[in-house]
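First up is the structure itself, then whatever we jot down about it.
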Amino acid sequence: ETDILVVGCGTGGLFAVAAAAEAGGKVIGIDRFAVGTGIREDLGAIDSRYQKAWGTKIDKFEFITMATQYAGGHIQQDLVKLWCDKSGEAIDWVGDRLAERNIELWHESGDKNDETRYKHFAIGHSPKLPIDPKTGKFKITLAQVVEQYAAKKGARFDYNTKMVKLEKKNGRVTGVIAENADGKYVRYNAAKGVVVATGGYAQNWKMMEALQPWNLRIIGRSGALPGARGDGIRACLWAGAKMDETHSIMMFDRTAIRPDQQPGPDTVKSGDSGFFWIGSQPWLKVNADGKRFFNELNTRDAVSAAILKQKDGVAYLFFDSDMQKSLKATNNYIKQSYCLKGETLDELAGKMGVPADKLKASLEAWKQGKAAGKDAFGRADMPRNLDQAPFYAIMVTPAVHHTMGGVKIDPKTQVYNTKGQVVPGLFAAGEITGGVHGGNRLGGNAQADIVTFGRIAGQQAYIYSKQAK
């Protein structure tokens with residue numbers, strides 16, 4: 001028996017539990033794992049006290065405009081505006097909790113000469129967590145800081161407890177049926193409200209196939225959290241929730257695979273792929289026919305979409321010894337099995353399985369574009385000729401970071417049904433929800449909304465608990 005039940009104790013759920021407990025609510029948080037999935041520790045905000053002290057100023061209207069542009073218009077601007085107005089307060093709260101443990105919270109400097117392909121907003125905040133010199137691990141995590149604070153405020157956590165279904169009575173969500181570590185079913189009666197914060201569905205292959213099969217067939221690796229199984233979304237849909245109509249994933253063209261592999265769920269599940277961290281850098285890319293196909297200086301989502309259209313949904317990232325020697329970050333990558341090396345372009349083309357004449361033509365066109373100051377794709381920044389042996393190539397395909405798109409909520413994080421009405425007693429926060437990112441998100445903004453809306457969900461569930469009869 002509780003007033004407020006929070007399902008999922010990752011980023012959004014922990015902040016919801018803490019906010020509800022801090023307000024004085026009787027709250028329980030449950031999670032399917034032995035511990036929560038943690039809090040990713042790069043948190044965005046606008047107008048935090050840290051930014052104000054540094055003099056970092058971010059125009060909220062410009063941020064909303066850029067977020068809308070990135071999303072292809074498929075967002076709820078009221079949610080983005082709410083984040084702009086409330087995220088600074090949420091991060092200041094995080095800073096207070098860290099300060100109580102003598103931990104500093106750092107933030108992006110917002111350098112004036114920060115020139116990028118597209119508008120950059122210095123919204124990032126990260127804790128400087130203490131590291132044990134003997135183990136090299138954190139002595140305490142941000143998740144532990146928030147969880148322990150919530151527990152001191154009276155919150156209870158039941159781990160190894162998986163939600164099976166939401167329960168409704170007279171149209172209102174009244175709690176959940178869950179399965180505990182012993183395999184027994186437990187009914188949680190939430191007299192005043194349920195907050196669902198179970199994450200997205202990037203780990204659920206059937207949902208991915210049903211909602212965005214075009215993306216499923218090109219990914220080679222997953223960085224999604226283990227709890228992103230879509231069970232919370234499905235439970236909310238059963239309770240009558242409406243799912244937004246944009247189904248997309250945040251992906252990076254940073255998966256490295258070998259020529260004998262194919263992207264798709266089988267490769268992802270096998271774990272037999274590399275993570276080429278610098279793969280999103282604008283290096284020359286050719287397709288499986290050895291032809292260059294896109295301006296590599298475009299945004300990562302556009303490059304990934306272009307790869308999708310290529311033969312087999314893959315591309316080769318190409319570089320020469322001159323570039324390799326100038327970038328120490330490549331030293332470990334060139335030792336991996338997925339990095340191909342050739343003393344000549346013919347040798348490399350053979351290992352890549354592409355026509356040597358097409359690869360040579362692509363390199364020659366690159367050099368001509370560089371000499372002319374702009375190539376056929378409109379690219380002007382081409383700093384190297386890429387003609388110094390030995391030559392290297394890595395087959396790259398996108399990696400899924402997280403899904404974007406979920407149940408529809410309002411600025412109070414109340415879940416809406418298919419008729420545009422509030423589902424009484426049901427709140428949601430984090431990756432389970434839609435409306436914030438649409439088709440793409442702004443850089444550094446992945447965790448920003450989860451923290452802020454998780455906190456809002458806990459606060460609103462408590463307010464609802466005081467009003468509900």
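Note that these values count all heavy atoms, side chains included, but never hydrogens, waters or copies made by symmetry. A quick note: this is a predicted structure, and the numbers were derived from the prediction, not measured.
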Exercise. Please confirm whether Phe63 and Trp83 have ring centers closer than 6.0 angstrom.
Key: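 Yes, ring centres under 6.0 Å apart.
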
Exercise. Check step by step if side chain to side chain contact (heavy atoms under 4.5 Å, CB included) holds for Val27 and Asp3.
Key: CA-CA 6 Å; Val27 56; Asp3 288 338; over 6 Å; no

Practice problem: Please check if atom NZ in Lys168 has more than 12 non-hydrogen atoms from other residues, nucleotides or ligands closer than 6.0 Å. | Solution: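 Yes, enclosed.
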
Quiz item: Under 6.0 Å from the NZ atom of Lys309, do we count more than 12 heavy atoms belonging to anything else shown?
Solution: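 Count not over threshold, so no.
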
Practice problem: Assign the ring pair His125 / Tyr50 to parallel, tilted or perpendicular, where the plane angle (0 to 90°) is split at 30° and 60°. | Solution: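 The arrangement is perpendicular - the two ring planes meet at more than 60°.
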
Return the set of residues passing salt bridge (charged side-chain N to carboxylate O under 4.0 Å, His left out) with [X] (not counting sequence neighbours), or none when no residue passes.
X      : value
Arg229 : none
Glu147 : none
Asp244 : none

Practice problem: Using the side chain to side chain donor-acceptor pair (under 3.5 Å) rule, collect all pairs that involve residues 126-140, keeping only residues at least two apart or in two chains. | Solution: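 Of all non-adjacent pairs touching residues 126-140, none passes side chain to side chain donor-acceptor pair (under 3.5 Å).
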
Would you call [X] and [Y] a salt bridge, taking side-chain N to carboxylate O under 4.0 Å as the test?
X      : Y      : value
Arg101 : Glu104 : no
Lys57  : Asp47  : no
Asp272 : Arg221 : no

Practice problem: Using the test side-chain contact (heavy atoms from CB on, under 4.5 Å), find all partners of Lys152 that sit at least two apart in sequence or belong to another chain. | Solution: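 Not a single residue meets the side-chain contact (heavy atoms from CB on, under 4.5 Å) criterion with Lys152.
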
Quiz item: Can you pull the ring-ring contact (aromatic ring centres under 6.0 Å, His included) pairs that have at least one residue in residues 3-41, sequence neighbours excluded?
Solution: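 Passing the test, one end in residues 3-41: Phe15-Trp93.
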
